[in-house]
Amino acid sequence: MSDEIYYKTATELRSLLDEKQISSVELIQAVIDRTHAVDSKINAYLDTNENQALAMAQASDERRASGQTRGPLDGIPVSVKDLIVEKGKKARCASRILENFTSPYDATAIINLHNAGAIPWGRVNMDEFAMGSSTETSYFKKTVNPWDLERIPGGSSGGSAACVAAGETILSLGSDTGGSIRQPAALCGVIGMKPTYGTVSRHGLIAFASSLDQIGPFSRCVEDSAMLFDAISGHDPLDSTSYAGEIPKCADALRTKKGPWKLGIPKEYFPDTLDPEIHAAIKSAIESYREKGCEIVEVELPHTDLAIPVYYIIATAEASSNLSRYDGIRYTHRSDETSNALDIYFKSRGEGFGEEVKRRICLGSFVLSSGYYDAYYLRAQKVRNLIRKDFQEAFKKVDALLTPTSPTPAFKFGERSDDPITMYLSDIFTINVNLAGFPALSLPCGLTSGNLPIGLQIIGQPLKEDDLFAIAHSHEEAHDYCKLHPCI
Amino acid sequence: MEYEPVIGLEVHVQLKTETKMFTRAPYHYGAEPNTLTDPVVLGMPGTLPVMNKKAVEMTIKAGLLLGCKIPETSKWDRKNYFYPDMPKNYQISQFDQPICDGGEVEIEMEGASRNIMGEHRKVQLTRIHLEEDVGKLTHCENESLVDYNRAGAPLVEIVSEPDLYSADEAFAYLTALRNCLVAAGISECDMEKGQMRCDANVSIRPKGTHELGTKVEIKNLNTISGVRNGIIYEIQRQTLAMENNQPIVQETRRWNAEEAYTTSMRSKEMAHDYRYFPDPDLMPVRVSKEWLNEVARDIPELPFDKQRRFFNDYDLPYTLTSVLCPDAKLAAYFEEALTIYKKPKQIANFIANDLLRELSAAGEHGALPLESCKIKPAHIAELVQFIDKGEISNQIAKEVFPEMFRTGNPPGQIIEEKGLKQSTDTGELEAVCLEVIAENPKPVQEFKEGKEAAINALKGQVMKATRGKANPKLVDDLLRQLLS
């Protein structure tokens, strides 16, 4: 528990701002001061724009004074993962190859933040091009887990999760391709949510795997995430994969939707290898839902074990193509030692990309190559359909699924970085959700004996984010895990 | 042994849209380098393609025009390869589900002479698909420059079956295709501006056999004559190789127009692996019945169908139809004139000869386009009416026409202002005739001795004296009367 401004939630701050107990300028200043105090340890931020943020806070205060606030997020600071572009700001994807790239335009999600009066005030670290589960593949710095400075914050949105957990922002925007919001949220003890594919525009989200990527919120309470989702979601004509129908408004639904719900437990998500303390914490969360009158049923997702191979075929195939534009010709890093066009490609990309990115480009190029396409990419797409059908079947019986978010709590630096497969298994419970396109969030549900956060994953139905948030909210109301903060 | 060439053409045609294929950046020819761009065109991080519906519509239109099947669903694929003219290093194209399947193009071979219609045949198409164009590279001594203006412009690729059997047929195919697409307003098809580009797949086989030989792809055929010459060269090269028992290698060759030969670009082993896969940023294209019907309403008559109609309905000679029909605008101009006065042959003659001559003389770079012509179709109809009514002679009409072209004034006004109306006043004319008879005793004598042609000399003198305004028929009658 903390009375510090920087540890308040947007929901609490909204009242404080409305009651004029604080100003947005004071709030931003508190977050800036906190960041100055702890980020030398946490290393969450790549860039901050303090003066601009203070000016925006000033404008927000003026709007509030004249009764023209733009909604519940007006004046609230939001940090932004380094792959969501902002006009005039560097967007480097934590990669050397984009070290000098400044975006000439705003992502739709950023425009939506501005329209809501929120203040995108700094850019946070991530795994290079969102490829990783520990934020260790960043070219620029190693972000640490605020709960244990020797451990990784998770990834790829490790900067977002760490800065929310450490009180270096109120909210953050991350992106989730295979668990990149939910896994770091679980490991850092905050809330992270991946929306239904198509509900948040990808325009301005630097692509890793286009058919899986979604932008989503990080926060320290469920209502905050619901508000941030409400602000950034909506149809966008600039994204052809954007959903054109109605998307639920979630923050208000928290007060109207009270359950009880029918909740499914997929047995495939509780393997013997699951960390026993995590297993126990999830079980106790399930029990608490049962006690609230929810019906708990076991469900099957029989194709679960195919998720990792299918994911690493589809995601790398798309990435190999998406990342080919970083070629040393225009805005990207160019090697100093080039004598012809091929040199520009080979040396610039060779110097610009890190090992994990190169591994995935090679893998993706291979699975798409002539003679292998049918055996790998095409077959993976077929299995992806089976995985989606698994979920559709399960959801005929239940409103949501409860699973652990990550099979282990935060691990130590270097522990898995030399073993890609073990690293890939960090996302074993989250990847399927992206393949199916469903929404899911991770909610703190306990601490290990080593004082490391544990996340409960709640998987919802497509376009029923209102239910998803409401289910999470009902657990949050009964427990205080969300109010725990690390000692830094 | 005699060899027979088999040719298939891949023709790229830029669509006449206002904006690019997957973004709202404008596209037109001839702008300053790198001014028709936006973050999408430049492949900036985070940008996404959004389909230009108009371009899809024009592709459907091309398909309906050429008798293609339009499947309900087609999709977008990425063609991956590294080249600096392509900002994303992949091109959004269509791999296995194009917008149009099959189809055919009617061609006409050269006739025995200009006045005689050549043989007609239908060339089979494989498919038409839509994609985005790439930028343009200019190689200098120590650097290469890139212009992304053209990058992302909508481009259709029209692929023929290996169904052409000579360079002349390929030439005829390209001409016919261009006439169809221009007529439908799909593209200007100006090869000089890169709006139409052509690659040819050429193979040869012993005459009388049916199996296809090893194909060689010829690139850089950038003019209509280049297509003909490049193919002729390649047929000769392959024939020579066959005759000398040298293998023909499956490869891509580049046509060098200045020095008139092809050189190898890459062999089959070096061929790109484009790693095609469905573009996850775009939804499949669904063509509803309603949409198809809507586009079908806007399909114009094909040039050769028009030609057949002009033969039948207007009884025009082949030479006139072959001038009017390939150019839809010219044909429409002609038919508009007919609505005022239905004398097809005379009107067609004025358009095919006088009008085209004036347009050609007036243009600075090539002929002036018909749109900039000041003569209204009705004016030509009126001019013919004046001749038919005997108010002016053909000779006067030929003088009036350039004035019409220069001023845009109706013929009546020009005839009036210049006092060119034919004289029908017999009294006045009789006086002139008498004068001419008096001054030309020699032809008068000859005529009286039975030399019929001598009267022409006298007629000529009368026309000269009246500055062409006399009605020739009337002059003839008068002279005969006076000399009898």
Side-chain angles (χ1 to χ4, degrees), chain A residues 83-85 91-93 98 101 103-108 129 201-207 209-213 236-242 314 317-318 320-332 340-342 344-346 349 364-373 377-378 381, chain B residues 21-24 34 37-53 75-93 95-96 135 137 139 142-146 148 151 268-269 271-285:
Chain A
L83 48 42
I84 301 168
V85 305
R92 298 178 287 194
C93 276
L98 282 174
F101 174 68
S103 176
Y105 73 102
D106 271 327
T108 299
F129 282 103
S201 170
R202 292 187 298 114
H203 173 247
L205 167 66
I206 300 181
S210 318
S211 74
L212 300 160
D213 296 341
D236 180 9
L238 295 178
D239 174 1
S240 311
T241 61
S242 166
I314 292 173
E318 293 179 6
S320 71
S321 175
N322 284 333
L323 269 61
S324 56
R325 68 186 64 192
Y326 311 117
D327 58 5
I329 304 284
R330 284 149 291 129
Y331 46 78
T332 37
N340 58 49
L342 275 186
I344 294 179
Y345 291 148
F346 288 141
R349 285 167 71 82
S365 301
F366 170 74
V367 298
L368 288 178
S369 58
S370 168
Y372 297 97
Y373 179 85
Y377 189 77
L378 204 60
Q381 288 293 2
Chain B
M21 186 60 236
F22 294 110
T23 178
R24 293 196 189 120
N34 294 309
T37 67
D38 66 10
V40 179
V41 171
L42 295 176
M44 289 287 183
T47 54
L48 294 171
V50 178
M51 187 185 88
N52 180 337
K53 195 177 166 196
K75 69 176 172 69
W76 302 104
D77 299 283
R78 292 187 186 177
K79 180 180 179 179
N80 295 284
Y81 65 99
F82 279 84
Y83 205 63
D85 63 1
M86 219 169 36
K88 303 188 295 298
N89 287 312
Y90 63 80
Q91 180 188 27
I92 304 174
S93 181
F95 179 57
D96 56 354
L137 285 179
H139 300 288
N142 283 317
E143 57 189 0
S144 294
L145 304 171
V146 201
Y148 291 115
K268 186 190 174 190
E269 287 71 33
H272 296 295
D273 179 353
Y274 291 120
R275 290 176 284 121
Y276 278 104
F277 76 107
D279 192 325
D281 287 333
L282 288 161
M283 305 304 275
V285 185

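Labels below follow one simple rule: chain letters A, B, ... track the order of the sequence lines, proteins then strands, and each chain is numbered from 1. These numbers come from the heavy atoms of this one structure, side chains and all, not from hydrogens, waters or symmetry mates. None of the values given here were measured: they were computed from a predicted structure.
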Tell me, side chain or backbone of [X] under 4.5 Å from chain A's heavy atoms, or both, or neither?
{"X": "B/Tyr274", "result": "neither"}
{"X": "B/Asp281", "result": "both"}
{"X": "B/Pro87", "result": "both"}

Report the distance from atom [atom1] of [X] to atom [atom2] of [Y], rounding to the nearest 0.5 Å.
{"X": "A/Arg330", "Y": "B/Met44", "atom1": "CZ", "atom2": "CE", "value": "8.0 Å"}
{"X": "B/Leu48", "Y": "A/Thr108", "atom1": "CG", "atom2": "OG1", "value": "8.5 Å"}
{"X": "A/Ser240", "Y": "B/Met51", "atom1": "OG", "atom2": "CE", "value": "8.0 Å"}

Distance-only polar pair, side chains of B/Asn80 and A/Ser321, donor-acceptor under 3.5 Å: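 Yes, a side-chain donor-acceptor pair sits under 3.5 Å.
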Residues forming a side chain to side chain contact (heavy atoms under 4.5 Å, CB included) with A/Ser211, sequence neighbours excluded: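 By the side chain to side chain contact (heavy atoms under 4.5 Å, CB included) rule, A/Ser211 matches A/Ile314, A/Glu318, A/Arg384, B/Pro280.
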Sequence-distant partners of A/Ile329, side chain to side chain contact (heavy atoms under 4.5 Å, CB included), two or more places apart: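 Once residues adjacent in sequence are excluded, the partners of A/Ile329 under the side chain to side chain contact (heavy atoms under 4.5 Å, CB included) criterion are A/Asp327, A/Ile344, A/Tyr345, B/Pro84, B/Tyr148.
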Quick check against the 3.5 Å criterion: does [X] have a side-chain atom that pairs as donor or acceptor with the backbone of [Y]?
{"X": "B/Asp273", "Y": "A/Ser370", "value": "yes"}
{"X": "A/Ser324", "Y": "B/Lys88", "value": "yes"}
{"X": "A/Thr241", "Y": "B/Leu282", "value": "no"}

Check against side-chain contact (heavy atoms from CB on, under 4.5 Å), B/Leu42 and A/Tyr331: CA-CA 10 Å; B/Leu42 295 176; A/Tyr331 46 78; 5.8 Å; no
side-chain contact (heavy atoms from CB on, under 4.5 Å) assessment of B/Thr47 paired with A/Arg325: CA-CA 11 Å; B/Thr47 54; A/Arg325 68 186 64 192; 3.6 Å; yes
Side chain to side chain, A/Ser365 and B/Arg275, heavy atoms closer than 4.5 Å: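 Answer yes - side chains close enough.
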A/Tyr326 and B/Asn89, any side-chain heavy atoms less than 4.5 Å apart: no
A/Tyr372 atom OH, neighbour heavy-atom count above 12 within 6.0 Å: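 Atom OH in A/Tyr372 is not crowded, with 12 or fewer foreign heavy atoms closer than 6.0 Å.
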CZ (A/Phe366) with more than 12 external heavy atoms under 6.0 Å: yes
Near-ring test A/Tyr373/B/Phe277, centroid separation under 6.0 angstrom: no
Less than 4.5 Å to any heavy atom of chain B: does that hold for the side chain of [X], its backbone, both, or neither?
{"X": "A/Arg349", "result": "side chain"}
{"X": "A/Ala209", "result": "neither"}
{"X": "A/Asn322", "result": "both"}
{"X": "A/Leu378", "result": "neither"}

Max heavy-atom pair count under 4.5 Å with chain A, selected residue of B/Arg78, B/Arg24, B/Met86: B/Arg78
Minimum-distance pair of heavy atoms, taken over all atoms of B/Pro45 and A/Tyr105: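 That would be O-OH, 2.7 Å.
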Between A/Leu342, A/Leu212, A/Leu238, the one whose heavy-atom pairs under 4.5 Å with chain B are most numerous: A/Leu238
